[in-house]
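Not measured: the values here are computed from a predicted model. Any value given below was found using the heavy atoms of this structure, including those in side chains, with hydrogens, waters and symmetry copies removed.
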Amino acid sequence: MSDQKRRQDVRNVAIIAHVDHGKTTLVDALLKQTGAYEFKAGETAIMDSNPLEKERGITIFSKIASFVHKGVQFNIVDTPGHADFGSEVERILEMVDGVLLLVDAFEGPMPQTKFVLKKSLELHLKPILVINKIDRNSSQPHSTADSSFDLFCELNATDEQLDFPIVYASGKDGWTTLDLEEPGRDMKPLLDTILRRVLPPLADPEKPFQMLVTLLDYDPYVGQISIGRIFHGEIARGDPISLVKNDGSIKTGRVTRILKYRGLVRVEAESARAGDIVSLAGVDDVKVGNTLATGDNPEALPRIKIDEPTISMVFSHNTSPLAGRDGGIFLTSRHLRERLEREALTNVGIKVEPAPGGEGFKVSGRGELHLSILIETMRREGYEMEVSAPRVILMNMGDQTLEPMEEVIIEVDEGYQGAVIAALGERKGVMKDMNRTFIGTIRMSFIIPTRWLFGFRAVLLQITRGSGIMYQNFYRYQKYLGEGASRQVGVLISKTAGKAVAFALDGLQGRGEIFIRPGDRLYEGMIVGVNNKGKDLVVNATKEKQLSNMRASGADEAIKLIEPRELTLEFALEFIADDELFEITPKHIRLRKRYLSENERKSRSRRAG
């Protein structure tokens, strides 16, 4: 299409990167440079506004910011760097015409770098390579540029995509440069490169209005809000509009509100046209991937392609004896169903369906982190629930059963690589590559079944004494490799209800790690610790010391308890077995057996045997 049909006053660009390569910090620097946001003292990572994002230091939800440079409006989107939130990345890339691929000048391309770059190349987007953190003494910008080029070749980039510009940056210090010999002063070299290399959006005013719904929001005053990029035509407040659903059905409405982005906020607008990224209100029952259109015969735009989930868990309402005692507001199965269905409307990477047997809901997602973020969010909203151990989703192709595989990158200090190789070998991991980094650590790459990785992160920290670093990324589906690894330790199961007693815990801690403290409330079937001997053991953690009328000649020694393990979502997901659940409340995470009574567990075990 000719340049006359492109809007020269707009650039839509996404910023993609591996976790912790400085993406959000670079956006901070761009907002400062253009004056789009007035930062307060000490304020950083302004785009990571969600409390979970601030706590974990990662981007979970895609967000849009807008600023002006040389009279051109830049709509820039900060996308998640973790493959578990791939559905966010896939949706956002549909809205933009170019991408900034951000790579750490020391670490180079990493697993999620490969994931997000592959998605952008498949959409024929033009990339700009930004090598960040070159202010660090350990940076290797030339080596990083070479390895990034190799990655482009590996992903079958076109000749045009291989002709990418390179910008060197220090997002932390707020400067960029096109030449390592010239010191950077500000962010203008990067802004000018975007202006020069990212195509202006197509904007044909003669075509009927079409907008692909990429994100959803809700306002209690105006109802559902559809967010996306306008691909064709124009729209004004009050215009009639049609919603074209994925099944071809059409629902009509009228535009009641148009919002455009200015800095980090949305502002009211009377109209919008092709090339704009906007929020529209006026039609309800919208889903991500639907099309908003006008005209006598509204047509749908191509649907967003989303990778399928790889793991699932069963969510059900809390049935433990302590249900409702920890400040939970939403306790019933109906509350749970409504919340999960609402999540599935906006989070297209999540699938919700009734669980087999009718007990609870099967929730499928892209990985453990993806589902753990959902659980933590619901927990903070006041939901109580029970969640099963994660299971991989198998595929049948012909007479073959396929399972998801992960590409795992592990970095350890020299001397630990042998133990890591042996541990992953036992889990059917196959090594692809091993090399030494610039600082002397050993970086190894493996392909391993997803299900054999459950629980491995804790094992890695144990065998490397806390120094091992692990990244993982979905690789592909391939032939099922047989039964998975089972947990090597047993658990200590509470025999009675009551409060934990220090005297009883002192006698139990020699058997393995303890999960509870004196005074904690217990119930029958609750898991209170680990039994290192490998078998489950029923114990009495409420047992008091027997008192007598006779006193010993010396004073009793003070009981010294080892600090118990803090139960986190990540540990629970990795630790629990198929016959166990973890109980989630606003105040506590508890592990328990699926069947609380010892007699019922024995009875079911006999029938299964």
Side-chain angles (χ1 to χ4, degrees), residues 313-326 328 331 333 355-360 384-391 454-455 483-546 561-562 564-565 567 571-585 587-609:
M313 295 188 288
V314 175
F315 289 45
S316 56
H317 68 285
N318 191 6
T319 60
S320 93
L322 297 181
R325 299 189 185 185
D326 280 349
L331 308 175
S333 184
E359 290 294 326
E384 288 196 15
M385 67 196 108
E386 295 169 351
V387 183
S388 72
R391 290 192 172 188
F454 295 155
E483 290 302 314
S486 59
R487 190 173 63 198
Q488 300 300 305
V489 297
V491 292
L492 303 175
I493 308 166
S494 178
K495 181 179 181 180
T496 59
K499 288 189 176 182
V501 175
F503 173 74
L505 296 182
D506 185 44
L508 294 176
Q509 64 184 359
R511 295 184 177 274
E513 198 169 27
I514 300 298
F515 299 158
I516 58 174
R517 301 174 184 274
D520 285 353
R521 290 181 293 183
L522 310 179
Y523 53 81
E524 182 185 5
M526 180 175 163
I527 296 172
V528 299
V530 172
N531 182 23
N532 289 332
K533 291 189 176 181
K535 292 185 178 181
D536 292 350
L537 184 66
V538 177
V539 299
N540 185 359
T542 64
K543 183 180 179 180
E544 298 273 6
K545 183 178 180 180
Q546 294 295 321
L561 296 178
I562 300 171
R565 169 182 279 276
L567 290 183
F571 173 76
L573 282 167
E574 294 172 349
F575 181 79
I576 63 172
D578 287 343
D579 66 336
E580 296 164 1
L581 302 170
F582 59 100
E583 175 190 352
I584 302 293
T585 75
K587 295 180 181 178
H588 291 100
I589 297 174
R590 302 182 182 96
L591 302 183
R592 51 161 285 183
K593 284 295 181 179
R594 186 181 298 272
Y595 305 107
L596 299 179
S597 163
E598 183 180 6
N599 289 334
E600 186 175 5
R601 290 195 298 273
K602 287 180 177 179
S603 174
R604 289 181 177 273
S605 178
R606 283 195 299 269
R607 290 203 297 267

Exercise. Testing Leu522, Leu492, Ile527, Leu567 for side chain to side chain contact (heavy atoms under 4.5 Å, CB included) with Ile516, which one passes?
Worked result: Leu522

Atom of [X], atom of [Y] and distance for their closest heavy-atom approach:
X: Met313; Y: Val387; result: SD-CG1, 3.8 Å
X: Pro518; Y: Leu561; result: CG-CD1, 3.5 Å
X: Ala500; Y: Arg517; result: CB-O, 3.4 Å
X: Arg325; Y: Glu384; result: N-OE2, 4.2 Å
X: Val314; Y: Ala355; result: CG1-CB, 3.9 Å
X: Leu331; Y: Gly324; result: CD1-CA, 4.1 Å

So how far is it from [X] [atom1] to [Y] [atom2], rounded to the nearest 0.5 Å?
X: Phe515; Y: Leu505; atom1: CZ; atom2: CG; result: 12.5 Å
X: Thr496; Y: Asn540; atom1: OG1; atom2: CG; result: 4.0 Å
X: Asp536; Y: Ile493; atom1: CG; atom2: CD1; result: 4.5 Å
X: Lys499; Y: Thr542; atom1: NZ; atom2: OG1; result: 12.5 Å
X: Lys495; Y: Leu537; atom1: NZ; atom2: CG; result: 10.5 Å
X: Met385; Y: Phe582; atom1: CE; atom2: CZ; result: 8.5 Å

Exercise. Does a side-chain N-to-carboxylate-O contact under 4.0 Å join Arg592 and Glu583?
Worked result: no

Exercise. Is the shortest distance from a Lys or Arg side-chain nitrogen in Arg590 or Asp326 to a carboxylate oxygen in the other one below 4.0 Å?
Worked result: yes

Problem set entry | Residue pair Glu386 / Thr319, side-chain donor-acceptor N/O under 3.5 Å | yes

For this session: Examine distances only and state if a side-chain atom of Glu598 and a backbone atom of Val538 form a donor-acceptor pair shorter than 3.5 Å.
Result: no

Problem set entry | salt bridge (Lys or Arg N to Asp or Glu O under 4.0 Å) partner of Asp579, the single match among Arg601, Arg604, Arg594, Lys593 |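 Running salt bridge (Lys or Arg N to Asp or Glu O under 4.0 Å) over Arg601, Arg604, Arg594, Lys593 with Asp579 returns exactly one hit, Lys593.
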
Heavy-atom side-chain contact between [X] and [Y] under 4.5 Å:
X: Pro321; Y: Leu596; value: yes
X: Val491; Y: Glu580; value: yes
X: Val530; Y: Phe575; value: yes

Exercise. Can you check side-chain contact (heavy atoms from CB on, under 4.5 Å) on Ile576 and Leu591, steps first, answer last?
Worked result: CA-CA 8 Å; Ile576 63 172; Leu591 302 183; 3.6 Å; yes

Exercise. Is the count of non-hydrogen atoms from other residues, nucleotides or ligands lying under 6.0 Å from Arg521 atom CZ greater than 12?
Worked result: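 Above 12, so yes.
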
